[in-house]
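Report on one structure; see the data block that follows.
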There are 2 protein chains.
Amino acid sequence: MRGSIPAATIARLPLYLRGLAELEPGQPTCSSDQLASSAGVNSAQVRKDLSYLDPPGVRGVGYNAAALRDLLRRELGLTRRYCVVIAGAGNLGRALTVYPGFEESGFDVVALVDSDQGKAGTTINSVVVKAIDELESIVAKESVDIGVIATPAGAAQEVADRFVGAGVRSILNFAPAVLKRPEGVEVRRVDLAGELQILAYHLSQAR
Amino acid sequence: MRGSIPAATIARLPLYLRGLAELEPGQPTCSSDQLASSAGVNSAQVRKDLSYLDPPGVRGVGYNAAALRDLLRRELGLTRRYCVVIAGAGNLGRALTVYPGFEESGFDVVALVDSDQGKAGTTINSVVVKAIDELESIVAKESVDIGVIATPAGAAQEVADRFVGAGVRSILNFAPAVLKRPEGVEVRRVDLAGELQILAYHLSQAR
DNA sequence: TAGATTGTTAATCGATTAACAATC
DNA sequence: TAGATTGTTAATCGATTAACAATC
C-alpha cells in the first residue's frame, strides 16, 4: 500500500529504526512483535504502520531486517545527511551542538549563532559560534536544511522569521513559544518545562 | 463538567498557561480566540479543553484571566514545587540542570548524578554532582518527585529501574530508549534525534 | 501438516471542530 | 437591542487494535 502516511505513523518510524538497530547482529528477520516491544506499541500498530511502506515482510517468517532498515531510512529521507544550524549559544544550544545522537543519525551541526557578539569566534567541539548577523549567509553558503532554536522565548519568533527568510523549511524549536510560520515550513516543538508540568499533573492526580 | 480529562487536553494546558502569561498585564479577561492563537490551536479546542475544568468563563465576555491562570496551575498541580534529580552529567544533563525554565515553572533540580566517579563533587550552578550510588539516598532524603534521564541509551533502563526502586513515579527520558516500567510510573520521552528525523521526512517529501 | 506471522479489515475508540443556542 | 463570546452538541475525522484469512 502507498499514499499519504499518517503523521502518527511517521513519528513512530524512528522508533522502529532504533528497534532494528538493537537487534542481535546476525538476526536476519524480525517480527512485528519484536518491533512492537522495542518501540512500546501494539504489534498490530507496527504492521499497520509498515503496511504504508510496502514492507519486506513474509507471512510466517517476519520482516527482512536489513531490507526493513533500508526501507525506513529511505522513507525518512535518511539516505543523505542534513545541515543544521543552532541559534542560541546558551547551555542548551551548546549541549545540542555536541549531542552525539545528531551526528549518528545523519545531522551535521555546521554552526551555532548567537546575538551576543562576545561569543562569536569561540568554538564548541570544532563548531564555530558566529554572530547572528551571519545567519543568512551561513544558511546560503552551507545549504542549511534545519534550524534549531535554543534561544529565550522572546527571541524565538524573530530567529524563526530569519531562518524562514533565508530559505530554511524545517525548524526544531526548544523555546517556550508557539511560532507563526508560512505554509510549507515545518516546525516541531520540544517543550522542556511543559513536559515536567505534564508529569506534575500525573503526580498530583496520583493520590 | 468534571471527570477524566483526555491526555491530549492535559498536554495543552501548559500552552494555555503560557498564553495567559503573555497577556497585557492589566487585561482582566481573555477570549478562547486569544488563547487559541497563542497556543496555535482551534478556539473550539480551547473551549472544549477548558470545559473539563469548570472554567471561569462568562458568555459574551471571556475568561477571567487571573482566575483561569490559578485554575490551570491548580489543575496541573503547580501549587507546589517539585524536586528533580537528573541522571547523566554529560553536556545535556548539565544544560538541563541550569535550564531556567525548570525553576521558573516550579521544578528544582536538587542533584545531578553520574556513574563517572571523577565528576562527583563538582558543581554546576550550585547543583552538586554526586556518584550514582547515592541516587537512592538522595531520592529518599530530598523526597525527589521526578527523575530525568540524560544518560546514554545503554544506561537508561538501569537508571530508570533505580529511580523506580527508590520510589520515583515520574520520569522524563531523553535517552533514545523505550523504558519498561511498572504500572503507576509515568514516563515521558523526548527523542531529540527522532525529532530531526521527522523533519527530515518532511524535507524529503517536500519536492 | 502444524506453527508462525504478515497484511488487512472492520470495529472501536478518542480527538477535533463546525455550528449554534445560551447568555452576558 | 446588538454584539460578543462561552459551553455543548453532534458530526467528522483520524488513530488504534482485535481478529482472522492468507500464506510462508
Side-chain angles (χ1 to χ4, degrees), chain A residues 1-16 19-20 23-24 27-69 71-72 75 178 189 198 201, chain B residues 1-16 19-20 23-24 27-69 71-72 75 178 189 198 201:
Chain A
M1 206 248 247
R2 282 315 308 253
S4 106
I5 304 178
T9 292
I10 297 298
R12 279 186 295 265
L13 300 186
L15 292 180
Y16 302 147
L20 285 170
L23 247 40
E24 295 299 315
Q27 195 175 327
T29 67
C30 162
S31 69
S32 57
D33 244 345
Q34 282 183 293
L35 286 169
S37 82
S38 67
V41 303
N42 184 292
S43 73
Q45 182 79 268
V46 172
R47 294 194 298 278
K48 179 81 170 166
D49 284 341
L50 296 182
S51 75
Y52 293 105
L53 315 177
D54 294 322
V58 179
R59 289 166 144 101
V61 176
Y63 299 97
N64 178 311
L68 182 56
R69 170 180 177 277
L71 175 63
L72 289 173
E75 193 56 42
V178 173
R189 230 172 79 79
I198 294 166
Y201 170 81
Chain B
M1 205 245 251
R2 281 318 308 252
S4 106
I5 303 178
T9 292
I10 297 298
R12 279 186 296 264
L13 300 185
L15 292 180
Y16 302 148
L20 285 169
L23 249 38
E24 295 298 314
Q27 195 176 326
T29 67
C30 162
S31 68
S32 57
D33 243 344
Q34 283 183 293
L35 287 168
S37 81
S38 67
V41 302
N42 184 292
S43 72
Q45 181 79 269
V46 172
R47 295 194 296 278
K48 179 79 169 171
D49 284 341
L50 297 181
S51 75
Y52 293 104
L53 316 176
D54 295 321
V58 179
R59 289 165 142 101
V61 177
Y63 299 96
N64 179 312
L68 182 56
R69 171 180 177 278
L71 175 63
L72 289 173
E75 192 57 40
V178 173
R189 230 171 79 79
I198 294 165
Y201 170 80

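In what follows, chains carry the letters A, B, and so on, assigned in the order in which the sequence lines appear, proteins first and then strands, with residues in each chain numbered from 1.
Between A/Y16 and A/L71 the shortest side-chain heavy-atom distance does not fall below 4.5 Å.
Listed by chain and number, the residues in a side-chain contact (heavy atoms from CB on, under 4.5 Å) with A/A44 are A/N42, A/R47 (sequence neighbours excluded). Remark: A/A11 pairs with B/I198 by the side-chain contact (heavy atoms from CB on, under 4.5 Å) rule, at least two apart or across chains. Among residues two or more places apart in sequence or in another chain, the side-chain contact (heavy atoms from CB on, under 4.5 Å) test is passed with A/P28 by none.
Rounded to an integer number of Å, the gap from CG of B/D33 to C1' of D/dG3 is 14 Å. Across the protein-nucleic acid pair, A/L50 atom CG and C/dT8 atom C1' stand 14 Å apart, rounded to whole Å. Put simply, CG on B/N64 is 15 Å from C1' on D/dT5, counting in whole angstrom units. The CD1-P distance, from A/I5 to D/dG14, rounds to 15 Å in whole Å. Between the C1' atom of D/dT16 and the CD1 atom of A/I10 lies a distance of 17 Å, rounded to the nearest Å. Distance CG (A/L35) to C1' (C/dG7): 15 Å, rounded to an integer number of Å. The distance between atom CG of B/L15 and atom P of C/dT16, rounded to the nearest whole Å, is 12 Å.
Side-chain N/O atoms of A/Y63 include one lying less than 4.0 angstrom from OP1 or OP2 on C/dG7. In this structure, B/S32 reaches the D/dT6 phosphate: one of its side-chain N or O atoms is under 4.0 Å from OP1 or OP2.
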Check the pair B/T29 / B/V58 against side-chain contact (heavy atoms from CB on, under 4.5 Å), numbers first and verdict last. CA-CA 9 Å; B/T29 67; B/V58 179; over 6 Å; no
Check the pair B/L72, B/L53 against side-chain contact (heavy atoms from CB on, under 4.5 Å), reporting the backbone distance first and the verdict last. CA-CA 8 Å; B/L72 289 173; B/L53 316 176; 3.8 Å; yes
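The CD1 atom of A/I10 sits 3.5 Å away from the OH atom of B/Y201 when rounded to the nearest 0.5 Å.
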5' to 3', nucleotides 17-24 of chain D under a 4.0 Å protein heavy-atom cut-off (B base, S sugar-phosphate only, - none) gives BBB--BBB
Below 3.5 Å, can you tabulate the donor-acceptor pairs from side chains in residues 60-69 of chain A to any protein atom, sequence neighbours excluded?
| unit_1 | atom_1 | unit_2 | atom_2 | d |
| --- | --- | --- | --- | --- |
| A/N64 | OD1 | A/A66 | N | 3.1 |
| A/N64 | OD1 | A/A67 | N | 2.9 |

Paired and unpaired positions of DNA chain D as dot-bracket, Watson-Crick or G-U wobble under 3.5 Å, | denoting a partner strand: ..||||||||||||||||||||||
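Applying the salt bridge (charged side-chain N to carboxylate O under 4.0 Å, His left out) rule to pairs touching residues 6-16 of chain B yields B/R12-B/D49, sequence neighbours excluded.
In the set C/dT16, D/dT16, C/dT5, the nucleotide with an atom closest to the side chain of B/A8 is C/dT16.
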